[in-house]
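Just so you know, these numbers come straight off a predicted model, no measurement behind them.
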Amino acid sequence: MARLINTKSPFYIKVYHADLFEAKLQLYIYEGTGDSTPDPEDLKYTIVKAELEGNNYVVFEISELVRDYIQIKYDGEYDSYVVLVNPVITAFDTNGNTLSSPTVTPSDYYNQFVATEGYGYFEEGINPDFDEGLMMSEGTIYRVNDRSVNIPVYTGSTNSVAFRLNGETVYSKNVVYTDPANPTTSEAIQYIASDSNSTADSYKERVLEAGGVFEDNSLLEAFENVVDIGAVDEVWVNYTNATETRTKILKVKTFDCSKYEPIRVTFVNKYGALQDLYFTRKNNESLNIKKEDYKASVMDFANFSYDTSEHQMRTLNLVGNDSITLNTDYIDESCNEHIKQLMLSEQVWMTRLTDEEKIVPLKLKTQSLQLKKRVNDKLVQYSMEFDVAADKINNIR
């Protein structure tokens, strides 16, 4: 299993040798299939550092360099956005001779790394590692009627994912890495959907994807709300870490039908994977503007008059930005970790669950949020404010 690098946290490589004078790091970063001898064009950085006198070691920090090459996108599809990293280190003595067998930490540096846009918490220590299959934190997750849940897993360690309802397995999938020794970026993260289809998660979408014709009428709209394909109440993720095989269990709850339009918020979580949260209560939209004002001269000295219909007070550089306030339903306290990771995410999208299912990039406006507990607050519910991450007036040039 290739080790993961969380590029939003520092990742250090330490080189030690009793005769070390300087070390050279050649950092290969690329997409595709892993290769122990990557192509020359994949060499992105060459760094040479001298050891501090008397220490006999050099430390390289590579996360910031690697992160520049990870570009996560979300257009309704759940895809794997990772890169492969091959660090090649050469150690030299004071005469410029190559030193054999320097001690490198972490010891598995000789293997290829899979880098995600994840991060570790301070309490997890240096070079936070990931040896679990599930690429999201444990806790209760939610879905709305006739919508699937997408579970991100790392294929390098996950064996299978099973969706269960009332104690019975309704759908399961074995997760297979084509070649664990040579990972492929397109399959490093897989999103397993409860209805076995991660690209069509509503009745209408499934009909259209199968080549059928969907006629919009009141009877079919009522039928959509009755049939719940993909209903589950548990997800079992079986994975193998360095020492043993384990299973993580997620509880799944389905929101009841609501008079409010459900909105799905997709964000990049702590593990660098896409994760969904549903906001099913009231939402409020607003428009904010910024502008500069100036006073213009409307005087026509030639005719010694001025037009009273002209603007004396004028506006310059006016821009507008939509904002939306979203509210969750009452949720389980175990969702606090998911809310926390949404707050810490730099990439967020909103999907309105309508026929068009338009995806809108968001920027979190809420900067402080008190995490609630049932013992203190009885009910756990959150309200969060977002700005649309684009100007209202099209000014793309």
[X] side chain vs [Y] backbone, donor-acceptor pair below 3.5 Å:
| X | Y | answer |
| --- | --- | --- |
| Asn145 | Phe255 | no |
| Ser80 | Thr185 | yes |
| Gln112 | Asn86 | no |
| Ser157 | Asn241 | no |
| Thr155 | Glu187 | yes |
| Thr315 | Asp293 | no |
| Asn269 | Met135 | yes |
| Ser9 | Gly120 | yes |
| Glu132 | Tyr239 | no |
| Asn127 | Tyr12 | yes |

### Query
side-chain contact (heavy atoms from CB on, under 4.5 Å) between Ile324 and Ile263: does it pass, once the steps are laid out?
CA-CA 11 Å; Ile324 185 167; Ile263 291 179; 4.0 Å; yes
From [X] [atom1] over to [Y] [atom2], what is the distance, rounded to the nearest 0.5 angstrom?
| X | Y | atom1 | atom2 | answer |
| --- | --- | --- | --- | --- |
| Phe113 | Ile5 | CZ | CD1 | 5.0 Å |
| Leu362 | Glu385 | CG | CD | 11.5 Å |
| Phe267 | Leu344 | CZ | CG | 10.0 Å |
| Glu346 | Lys8 | CD | NZ | 4.0 Å |
| Leu371 | Cys335 | CG | SG | 11.5 Å |
| Glu124 | Asn6 | CD | CG | 8.0 Å |

### Task
Would you mind telling me which of Thr254, Asn166, Ile141, Val252 makes a side-chain contact (heavy atoms from CB on, under 4.5 Å) with Val232?
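The side-chain contact (heavy atoms from CB on, under 4.5 Å) with Val232 is passed solely by Val252 among Thr254, Asn166, Ile141, Val252.
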Within the 4.5 Å heavy-atom criterion, are [X] and [Y] side-chain neighbours or not?
| X | Y | value |
| --- | --- | --- |
| Thr140 | Ile331 | no |
| Glu77 | Asp79 | yes |
| Tyr28 | Leu43 | yes |
| Lys372 | Glu333 | no |

Given the rule that I, L, V, M, F, W and Y join up when any side-chain heavy atoms are under 4.5 Å apart, are [X] and [Y] in one cluster?
| X | Y | answer |
| --- | --- | --- |
| Val48 | Ile89 | no |
| Val104 | Val59 | no |
| Trp236 | Leu134 | no |
| Leu20 | Tyr16 | no |

### Task
Please state whether the rings of Phe163 and Tyr171 are parallel, tilted or perpendicular, taking 30° and 60° as the class boundaries.
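Correct class here is parallel.
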### Query
According to the interplanar angle, ranging from 0 to 90°, do the rings of Tyr191 and Tyr78 count as parallel (below 30°), tilted (30 to 60°) or perpendicular (above 60°)?
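Tilted.
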### With Asp322, the salt bridge (charged side-chain N to carboxylate O under 4.0 Å, His left out) member among Lys363, Lys365, Lys392
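Of the listed residues Lys363, Lys365, Lys392, the salt bridge (charged side-chain N to carboxylate O under 4.0 Å, His left out) partner of Asp322 is Lys392.
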### Message
Lys44 vs Tyr69, test: side-chain contact (heavy atoms from CB on, under 4.5 Å). Steps then yes/no.
### Response
CA-CA 10 Å; Lys44 299 301 190 294; Tyr69 292 88; 3.5 Å; yes
### Message
Looking only at the side chains, is there a donor atom on one of Asn327 and Ser383 sitting less than 3.5 Å from an acceptor on the other?
### Response
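Side-chain D/A pair, Asn327 to Ser383: present.
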### Query
Going by atom types alone, do Ser309 and Asp307 pair a side-chain donor with an acceptor below 3.5 Å?
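A donor-acceptor contact under 3.5 Å links the two side chains.
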Look at atom [atom1] of [X] and say whether more than 12 heavy atoms of other residues, nucleotides or ligands are closer to it than 6.0 Å.
| X | atom1 | answer |
| --- | --- | --- |
| Tyr57 | OH | no |
| Tyr294 | OH | yes |
| Lys251 | NZ | no |
| Glu41 | CD | yes |
| Glu64 | CD | no |
| Tyr121 | OH | yes |
| Glu168 | CD | no |
| Glu61 | CD | yes |

### Message
Let's go through Tyr45 and Asp68 carefully: what are the C-alpha distance in whole Å and the side-chain angles of both, what is the deciding distance for side-chain contact (heavy atoms from CB on, under 4.5 Å) to 0.1 Å, and is it a yes or a no?
### Response
CA-CA 12 Å; Tyr45 299 96; Asp68 289 340; 3.8 Å; yes
### side chain to side chain donor-acceptor pair (under 3.5 Å) assessment of Ser334 paired with Asp332
CA-CA 5 Å; Ser334 64; Asp332 191 83; 2.6 Å; yes
### Message
Using the ring centroid of each side chain, check whether Tyr271 and Tyr154 are separated by less than 6.0 Å.
### Response
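No: the rings miss the under 6.0 Å criterion.
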#### Entry: Centroid-centroid under 6.0 Å between Tyr278 and Tyr142 rings
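When the ring centroids of Tyr278 and Tyr142 are compared, they turn out to be at least 6.0 Å apart.
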### Task
Taking salt bridge (Lys or Arg N to Asp or Glu O under 4.0 Å) as the test, write out the residues that go with Glu31, two or more places apart.
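Not a single residue meets the salt bridge (Lys or Arg N to Asp or Glu O under 4.0 Å) criterion with Glu31.
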### Message
Under the rule for salt bridge (Lys or Arg N to Asp or Glu O under 4.0 Å), what residues qualify as partners of Lys49, not counting sequence neighbours?
### Response
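In terms of salt bridge (Lys or Arg N to Asp or Glu O under 4.0 Å), with neighbours along the sequence ignored, Lys49 is linked to no residue.
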### Task
Identify which one of Thr240, Thr247, Asn174 satisfies the side-chain hydrogen bond (donor to acceptor under 3.5 Å, both in side chains) criterion when paired with Asn159.
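The side-chain hydrogen bond (donor to acceptor under 3.5 Å, both in side chains) with Asn159 is passed solely by Thr240 among Thr240, Thr247, Asn174.
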### Query
Would you call Glu285 and Arg352 a salt bridge, taking side-chain N to carboxylate O under 4.0 Å as the test?
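Arg352 and Glu285: salt-bridged.
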### Task
Could you tell me whether Glu337 and Lys340 have a side-chain N and a carboxylate O separated by less than 4.0 Å?
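Yes.
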### side-chain contact (heavy atoms from CB on, under 4.5 Å) between Ile339 and Leu277, intermediate numbers included
CA-CA 8 Å; Ile339 294 293; Leu277 280 177; 4.0 Å; yes
#### Entry: Phe92 six-ring centre to Lys24 NZ/CZ under 6.0 Å and within 45° of normal
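Geometry flag: not set, cation outside 6.0 Å or 45°.
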### Message
Please give me the minimum heavy-atom distance between Ala115 and Thr7, naming the atom from each residue.
### Response
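Between these two residues, the closest heavy atoms are CB-CG2, 3.9 Å.
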